[in-house]
Amino acid sequence: MNTSIVWLRDDLRVSDNPALLAGAETSDNLVVVYVLDQESPGIRPLGGATKWWLHHSLEALADKLQRLGGRLILRHGPAHDVLRELIAETSAHAIFWNRRYGGAERELDATIKSFARASGLKAQSFQASVLFEPWTVRTGGGTPYTVFTPFWKSCINNHDIPRMPLDAPPVLPHSPLITRAHGGQEAEPLASDDLASWHLLPTAPDWSAGLAHRWTIGENAAHERLEDFIDTRLPQYADGRDAPARLVTSELSPHLRFGEISPFQVWHRVEAAKAHGDAVVLKNAIKFMAEVGWREFSYHLLYHWPDLATVNFDSRFDAFPWGEANPEALAAWQQGRTGIPLVDAGMRELWQSGTMHNRVRMVAASFLIKNLLIDWRVGEQWFWDTLVDADPASNAASWQWVAGSGADAAPYFRVFNPVLQADKFDPQHEYLHRYLGEYEHPLVSDYPLPIIDLVESRNRALAAFAQLQGIPRAIRPPSP
DNA sequence: CGTCGGTTGGT
DNA sequence: CCAACCGAC
C-alpha cells in the first residue's frame with residue numbers, strides 16, 4: 001500500500017488544494033490530517049472567535065472529504081511529534097502540505113520537512129494561500145516592498161497571472177483499515193480525536209449565538225458568498241464599501257483566513273466577471289482586487305518581518321509615549337461603552353457577530369491608539385481574540401498601519417473624528433441604531449457619556465506624535 | 001482610506 | 001450663509 005499524508009492547516013477545502021491533489025494523485029491510501037497545535041514554540045494560540053470558526057470549518061471539511069471517499073483525521077499536540085507518530089503508524093511514503101508564512105510556522109514546517117526527508121519520505125509543500133509568493137516580489141533594488149501601491153503594481157505587472165484554480169480530487173483513495181507498522185496487531189482504523197474533545201466551542205457562557213446567526217461556515221458557504229458578492233454587491237463596491245450599514249463588502253475574510261476558499265478562486269471569479277462586464281464592473285473589480293492585494297501585502301510584510309504582530313515596524317515608535325495603563329478606558333472600548341457612538345457600535349458588532357465593518361475597524365482602532373493613547377498591540381490582541389477573520393498577517397499589518405508605526409502607514413496626523421466619520425459614512429445613522437438601541441432614545445437611556453473629549457485627546461495625540469517628527473523614519477531591516 | 005481652519009466665490 | 005477648495009499638521 002502506497003500511503004501519503006496530507007497535512008491541512010489554513011487550507012480547509014477540497015478544491016484548489018494542491019497538497020490534497022498531489023496526495024490523491026500519487027497514493028492509493030490518503031491520510032488527511034488536521035493537527036491542533038497549541039504547544040509548539042512561537043505558534044500563537046487561536047483566539048476565541050477563530051476557535052469557534054475552526055470547529056465548524058473542520059466539521060464542514062470532514063463532510064466534504066467523506067463525500068469524496070476520504071476521512072479527516074484529527075490529532076492534537078506539537079505538530080512535529082504528532083506527525084512523526086503518524087508517519088510511523090501509517091508507514092507513509094510521502095507528506096504534502098500548503099505553505100504558511102508566519103515565522104514560527106515556517107521554522108516548524110522546515111523542521112518537519114527535514115525530518116520527513118531524513119526518514120526517507122517525499123516531503124513537498126505548495127503555494128495555495130497567497131497569489132504571489134512573498135520572496136518573489138522585489139523592488140528594483142532587490143528589497144521587499146514597504147509601500148502598498150508599488151507592491152501591488154509590481155504583482156500585477158511584473159508577475160505571471162495567478163494560476164487557474166485546481167479541481168477537487170475526483171476521489172480520495174483511502175483505506176479504512178490500516179495495519180500498524182509495529183507489532184502484529186489486527187488491522188484497525190486510524191485513530192482520530194473527537195472534535196468535541198478539543199473544546200473549541202465556548203461554554204459557560206456560550207457567547208456564540210450571534211456569530212452562528214451571522215455566519216455560514218465551510219467551503220460550500222464560501223463559494224456561495226463569493227457568487228452572491230459578484231452578482232449583487234460587486235456592482236456597488238467602489239461607492240458602497242465604506243458605508244457600514246450597507247451589505248456591500250464581500251465578507252470573505254474569515255473564509256480566506258481558514259482557506260475555505262483560495263485567493264486564486266477569488267481572482268479568477270472576478271476575472272470572469274470583468275470579462276462579461278462593462279466599465280462599471282471593471283472599476284469595481286479593480287477596487288475589490290486591491291483589497292485582496294492588501295491581504296497579499298500583509299503576507300509579504302509578515303514573511304519579511306516575522307515579528308510584525310509584536311514589534312514596531314518603524315522603530316521610532318519603540319519610544320512612543322503611550323499613556324499610563326488605563327484598564328477602565330480599555331474595558332469601555334472592549335465592551336462598546338466609550339460614549340462615542342460609532343466606536344461603540346463597531347465594538348458591539350464585533351462582540352456580537354465576530355466581525356466589524358472595515359471602515360469602523362479603522363475608526364475604532366484610531367480611537368484606541370490616538371484618543372486613548374493605548375498601545376496598538378493591546379488592540380491587536382483584542383481583535384485577535386474576537387474576530388472570526390483574525391489573521392496573523394492582516395490583523396498585525398492593519399493595526400500598525402493605523403498606529404502609524406507600520407509599512408505605508410497612515411500619517412501620524414490622520415486622526416479620525418468618529419462623529420464626522422459617522423455622519424459621512426452612516427448619514428442616516430442606520431448602523432449606529434442597529435447596534436446601539438438605546439442611542440435612539442437618549443433621554444431614557446443609560447447610554448454613557450463620552451469617556452474622553454475628542455478635541456482635547458486629538459490635540460494630545462498630535463503633540464505626542466509630533467515628537468517623532470524630528471527623527472527620521474526608521475524601518476527595521478527585513479529578516480534575512 | 002483625515003481633520004481643521006482658512007480663503008474664495010457663490011447664494 | 002455655505003459649499004468647495006487649499007495648505008498645514
Side-chain angles (χ1 to χ4, degrees), chain A residues 145-153 233 236-246 248-251 253 283-298 301 313-314 316-317 320-321 340-343 345-346 349 355-373 376 379-380 383 389 391 393-427 431 450 452-473:
Chain A
Y145 279 95
T146 59
V147 182
F148 171 72
T149 303
F151 165 83
W152 191 231
K153 274 192 179 145
R233 301 184 180 192
Q236 322 165 61
Y237 185 75
D239 295 331
R241 59 181 292 272
D242 271 325
R246 292 175 61 182
V248 177
T249 59
S250 76
E251 299 182 295
S253 54
K283 177 191 80 169
N284 286 303
I286 288 169
K287 190 80 188 162
F288 173 65
M289 286 313 300
E291 298 305 317
V292 178
W294 275 98
R295 178 180 177 276
E296 296 284 319
F297 184 51
S298 299
L301 295 173
F313 186 81
D314 174 350
R316 287 180 307 165
F317 278 78
F320 187 81
I340 308 295
L342 186 57
V343 172
E349 179 184 25
T355 190
M356 195 195 304
H357 187 279
N358 176 255
R359 166 63 44 181
V360 191
R361 292 190 197 195
M362 291 191 288
V363 174
S366 169
F367 181 79
L368 184 80
I369 293 168
K370 300 195 174 175
N371 297 97
L372 297 181
L373 282 185
W376 61 266
E380 195 274 346
F383 274 28
D389 63 17
D391 177 292
S394 300
N395 196 44
S398 301
W399 272 94
Q400 293 225 40
W401 182 88
V402 176
S405 65
D408 197 13
Y412 76 96
F413 49 80
R414 185 182 288 155
V415 181
F416 287 92
N417 179 326
V419 177
L420 292 183
Q421 288 282 310
D423 288 343
K424 188 171 177 187
F425 296 108
D426 189 36
Y431 179 81
I452 198 161
D453 181 83
L454 289 176
V455 173
E456 204 177 294
S457 57
R458 173 180 194 271
N459 290 334
R460 184 178 60 156
L462 287 175
F465 280 82
Q467 293 177 12
L468 302 177
Q469 278 309 91
I471 313 166
R473 200 165 140 78

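Just so we're on the same page: letters track the sequence lines, and every chain starts at 1. Only heavy atoms go into these numbers, but all of them, side chains included; no hydrogens, no water, no symmetry mates.
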Residue pair A/F320, A/F465: steps toward the ring pair (Phe, Tyr, Trp, His ring centres under 6.0 Å) verdict: CA-CA 8 Å; A/F320 187 81; A/F465 280 82; 4.4 Å; yes

Proximity to DNA chain B (any heavy atom under 4.0 Å), residues of residues 402-415 of chain A only: A/F413, A/R414, A/V415

Interface with DNA chain B, restricted to residues 454-468 of chain A and to heavy atoms under 4.0 Å: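 Residues of residues 454-468 of chain A under 4.0 Å from DNA chain B: A/R458.
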
Rounded distance (nearest 0.5 Å) linking atom OH of A/Y145 with atom CD of A/E296: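 Reported to 0.5 Å precision, the distance equals 14.5 Å.
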
Starting at atom [atom1] of [X], determine the distance to atom [atom2] of [N], rounded to an integer number of angstrom.
X	N	atom1	atom2	value
A/E291	B/dC1	CD	C1'	9 Å
A/I369	B/dG2	CD1	C1'	15 Å
A/N358	B/dC1	CG	P	12 Å
A/F416	B/dT3	CZ	P	7 Å
A/R295	B/dC1	CZ	C1'	20 Å
A/K370	B/dT3	NZ	P	11 Å
A/K424	C/dA4	NZ	C1'	14 Å
A/F425	B/dT3	CZ	P	8 Å

Return all side-chain donor-acceptor pairs below 3.5 angstrom for residues 357-364 of chain A, not counting sequence neighbours, or 'none' if the list is empty.
unit_1 : atom_1 : unit_2 : atom_2 : d
A/H357 : ND1    : A/R359 : N      : 3.0
A/H357 : NE2    : A/R241 : O      : 2.8
A/R359 : NE     : A/D242 : OD1    : 3.2
A/R359 : NH1    : A/Q421 : OE1    : 2.8
A/R359 : NH2    : A/D242 : OD1    : 3.3
A/R361 : NE     : A/M356 : O      : 2.7
A/R361 : NH1    : A/D389 : OD1    : 3.4
A/R361 : NH1    : A/D389 : OD2    : 3.4
A/R361 : NH2    : A/T355 : OG1    : 3.2
A/R361 : NH2    : A/M356 : O      : 3.3
A/R361 : NH2    : A/D389 : OD2    : 2.8

A/T146 and A/D408: CA distance, side-chain angles, deciding distance, side-chain contact (heavy atoms from CB on, under 4.5 Å) verdict: CA-CA 6 Å; A/T146 59; A/D408 197 13; over 6 Å; no

Does [Y] offer a backbone N or O that forms a donor-acceptor pair with the side chain of [X] under 3.5 Å?
X	Y	value
A/R233	A/T249	yes
A/D426	A/Y431	yes
A/D314	A/R473	no

A/N417 side chain near B/dG2 phosphate (N/O to OP1/OP2, under 4.0 Å):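 No, outside the criterion.
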
Presence of A/Q421 side-chain N/O under 4.0 Å of B/dC1 phosphate oxygens OP1/OP2: no

A/E380 vs A/N395 side-chain heavy atoms within contact, under 4.5 Å: yes

Working for ring pair (Phe, Tyr, Trp, His ring centres under 6.0 Å), residues A/W294 and A/F148: CA-CA 7 Å; A/W294 275 98; A/F148 171 72; 4.3 Å; yes

